[in-house]
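When reading the values below, keep in mind they use all heavy atoms of this one structure, side chains included, and skip hydrogens, waters and symmetry mates. This chain uses plain numbering: 1 for the first residue, then up along the sequence. Just so you know, ligand 1 is whichever comes first in the structure, and atom 1 is the first atom listed for that ligand. Every value quoted in this text rests on a predicted model; they were computed, and no experiment measured them.
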Amino acid sequence: MRTEYSCKWGVGMDYVIVIQDVKKNYKKRKSNEIIEAVKGISLCIKKGEVVGLLGPNGAGKTTTIKMMCGLLLPNEGTVKINGIDIAKQRLKALRHISAVLEGNRNLYWRLTVRENMEYFSGNRGMSKKDISRKIDDLLQRLNLTHKANEMVNSLSRGMQQKLSIAIAILADTDIIFLDEPTLGLDIEISYEIRNLLKEIAKDYQKTILLSSHDMPVVQEICERVVIINEGRIVTDDSVSNLLSLFDTKAYSFITSSQLTQKDLFDIKKQFIVQTETDESGQSIITVTIRHSDDFYNVIDMLKEKKIVIEKIDRAIIDFEQVFMKIVKGEVENEAAVSV
Ligand SMILES: Nc1ncnc2c1ncn2[C@@H]1O[C@H](COP(=O)(O)OP(=O)(O)OP(=O)(O)O)[C@@H](O)[C@H]1O
Ligand SMILES: [Mg+2]
């Protein structure tokens, strides 16, 4: 487990977020029991990076994000935003941050969509005309143009979420934190939000940290993922590295007939396999290859058992499966934390 301070993406980089050995405990109200929500997290994020913060329920994602945007003070450790210690110079640090947190939509209910956007646009030296153009552009990207003059309280939850994200963009900070931006939204709105985030990462050059259980969002938007489990970082790597780490190591063997229980038992004794039977009664054996010889050993074993292989495919693994393997500890720790 990594608790040491580690800027593993190169020394002397232009880091805009540096958190070091951060810990956070909560006290249960009734029993006074201490919950160690974050047990020591260190993380450095470069300017312009788009980072996904993943982990199972209760892993400490929201707590970490709240500490990063100054809503919670850590019990130990430091959070620095553009070199400014958030515990010491909170307001100065907060000028660089916008956040969209769950259940915390900083919207004015009795103002229209456009009025909200104008209000939050801030006055960072942009002319009224430029602001108006930027608002129009965002309304269009979010498919909200037809709602521009409607009150916020008449919008659906998904539309409110889109507006919250638009406002975080309009605030024009260098850093945006998003906690579960697509939680509970339907597929269409999740898709729109995913596209919007992808575009703003590219067009507006923001540094983005987002937590999500929505793996397609993470796989498409984030270059880098940090996976936390039980308050600690278990993996910090690029999405492409993690995918290739697993991708090359699993093969599916499709046999012409169904395997017997005995065959399955023998195969499972030697290899890490998942088996399934398709509709036509063929068996699909997916083998995780730990050593390069495994691939040939599987073939030899099937041959010995006179099982005909109809097809061999590289098992296509998506990010959801990678995540599950890491969180369940199905991958050697060394591989999971190496870059
Ligand atoms: N205000 C609180 N009081 C007491 N315990 C809390 C509080 N907030 C969070 N916790 C506990 O701290 C741990 C981490 O919670 P946190 O909300 O950070 O997890 P999370 O990774 O965001 O989970 P989820 O995926 O469900 O959103 C959990 O055990 C949770 O029960
Ligand atoms: Mg959470």
Side-chain angles (χ1 to χ4, degrees), residues 1-3 17 19-43 45 50-79 81 86-87 97-106 157-158 160-161 164-165 168 175-186 189-190 193-194 197 208-219 221-222 224-237 239 242 319-329 336-337:
M1 292 292 172
R2 293 164 3 113
T3 53
I17 303 169
I19 69 172
Q20 186 172 1
D21 287 327
V22 164
K23 296 183 183 166
K24 181 72 196 175
N25 298 335
Y26 294 108
K27 213 186 246 177
K28 269 196 182 167
R29 265 205 206 126
K30 284 183 185 154
S31 60
N32 269 355
E33 187 195 329
I34 301 280
I35 298 162
E36 293 178 87
V38 173
K39 296 174 183 168
I41 284 187
S42 299
L43 190 61
I45 298 177
V50 182
V51 180
L53 186 64
L54 313 186
N57 292 127
K61 302 178 295 292
T62 299
T63 305
T64 303
I65 291 181
K66 282 186 174 168
M67 289 191 283
M68 287 168 121
C69 56
L71 286 169
L72 280 177
L73 265 183
N75 293 89
E76 279 180 45
T78 50
V79 174
I81 304 292
I86 205 162
I97 300 171
S98 346
V100 180
L101 303 181
E102 200 188 312
N104 179 18
R105 302 209 175 90
N106 292 330
R157 218 164 57 80
Q160 285 167 20
Q161 181 70 344
S164 291
I165 296 173
I175 301 165
I176 300 180
F177 292 116
L178 299 142
D179 193 13
E180 306 268 5
T182 56
L183 183 76
L185 304 179
D186 70 23
I189 291 204
S190 293
I193 288 181
R194 188 195 313 172
L197 292 176
I208 299 176
L209 179 105
L210 72 98
S211 83
S212 188
H213 288 282
D214 189 342
M215 294 304 158
V217 166
V218 174
Q219 189 166 349
I221 300 171
C222 304
R224 173 183 171 192
V225 290
V226 174
I227 301 182
I228 61 174
N229 198 10
E230 296 178 6
R232 290 195 170 97
I233 293 180
V234 290
T235 299
D236 180 349
D237 209 335
V239 171
L242 286 172
F319 200 69
E320 180 122 37
Q321 290 161 290
V322 172
F323 171 71
M324 291 308 289
K325 278 173 186 281
I326 292 170
V327 168
K328 283 187 181 165
V337 298

Considering only non-hydrogen protein atoms, determine which one is nearest to atom 16 (P) of ligand 1 and report residue, atom name and distance to 0.1 Å.
T63 OG1, 3.6 Å
So, are D179 and K61 salt-bridged, with charged N and O less than 4.0 Å apart?
no
Between M215 and L54, does a side-chain contact (heavy atoms from CB on, under 4.5 Å) hold up when you go through it step by step?
CA-CA 9 Å; M215 294 304 158; L54 313 186; 4.0 Å; yes
Distances under 2.8 Å only: what protein N/O/S atoms are near the Mg ion (ligand 2), ordered by chain and residue?
T62 OG1
Under 3.5 Å between any N/O of G60 and any N/O of ligand 1: does that happen in this structure?
yes
Shortest protein heavy-atom distance from atom 27 (O) of ligand 1, along with the residue and atom involved:
T62 OG1, 3.9 Å
Using a 3.5 Å distance criterion without hydrogens, assess whether the side chain of T182 forms a donor-acceptor pair with backbone atoms of S190.
no
Nearest non-hydrogen protein atom to atom 14 (C) of ligand 1, with distance, is G58 O, 3.4 Å
Given side-chain contact (heavy atoms from CB on, under 4.5 Å), test I81 with I17 step by step and report yes or no.
CA-CA 5 Å; I81 304 292; I17 303 169; 4.3 Å; yes
N/O to N/O below 3.5 Å, does that happen between G55 and ligand 1?
no
From I45 atom CD1 to M68 atom CE, the distance as rounded to the nearest 0.5 Å:
4.5 Å
Atom 26 (O) of ligand 1: closest protein heavy atom, distance to 0.1 Å, is N57 ND2, 2.9 Å
I want to know if ligand 1 touches K27 in the polar sense, i.e. an N/O pair below 3.5 angstrom.
no
What are the atoms of ligand 1, with element, lying closer than 4.0 Å to any heavy atom of H213?
25 (O)
Over all heavy atoms of both residues, which pair between V327 and P56 is shortest? Give the atoms and the distance, please.
CG1-CG, 3.7 Å
Please check this pair: side chain of S211 against backbone of E180, looking for a donor-acceptor N/O pair closer than 3.5 Å.
yes
From CA spacing to verdict: side-chain contact (heavy atoms from CB on, under 4.5 Å), Q161, L185
CA-CA 9 Å; Q161 181 70 344; L185 304 179; 3.8 Å; yes
For V226, the option from V234, L209, I233 that meets side-chain contact (heavy atoms from CB on, under 4.5 Å):
I233
Do me a favour and list the nearest non-hydrogen protein atom to atom 4 (C) of ligand 1 with residue, atom name and distance?
Y26 CB, 3.4 Å
For atom 2 (C) of ligand 1, is the nearest protein heavy atom closer than 4.0 Å?
yes
At less than 4.0 angstrom from any non-hydrogen atom of A37, what atoms of ligand 1 do you find?
12 (O), 13 (C), 14 (C)
Matching residue for S31 among R29, K27, K28 - test: side-chain contact (heavy atoms from CB on, under 4.5 Å):
K28
Look at atom 24 (P) of ligand 1 and say whether a protein heavy atom is found at less than 4.0 angstrom from it.
yes
Out of I86, L72, L73, which one pairs with M67 under the side-chain contact (heavy atoms from CB on, under 4.5 Å) rule?
L72
Begin with the C-alpha distance, continue with both residues' side-chain angles, and end with the deciding distance and a verdict on side-chain contact (heavy atoms from CB on, under 4.5 Å) for N75 and K24.
CA-CA 5 Å; N75 293 89; K24 181 72 196 175; 3.6 Å; yes
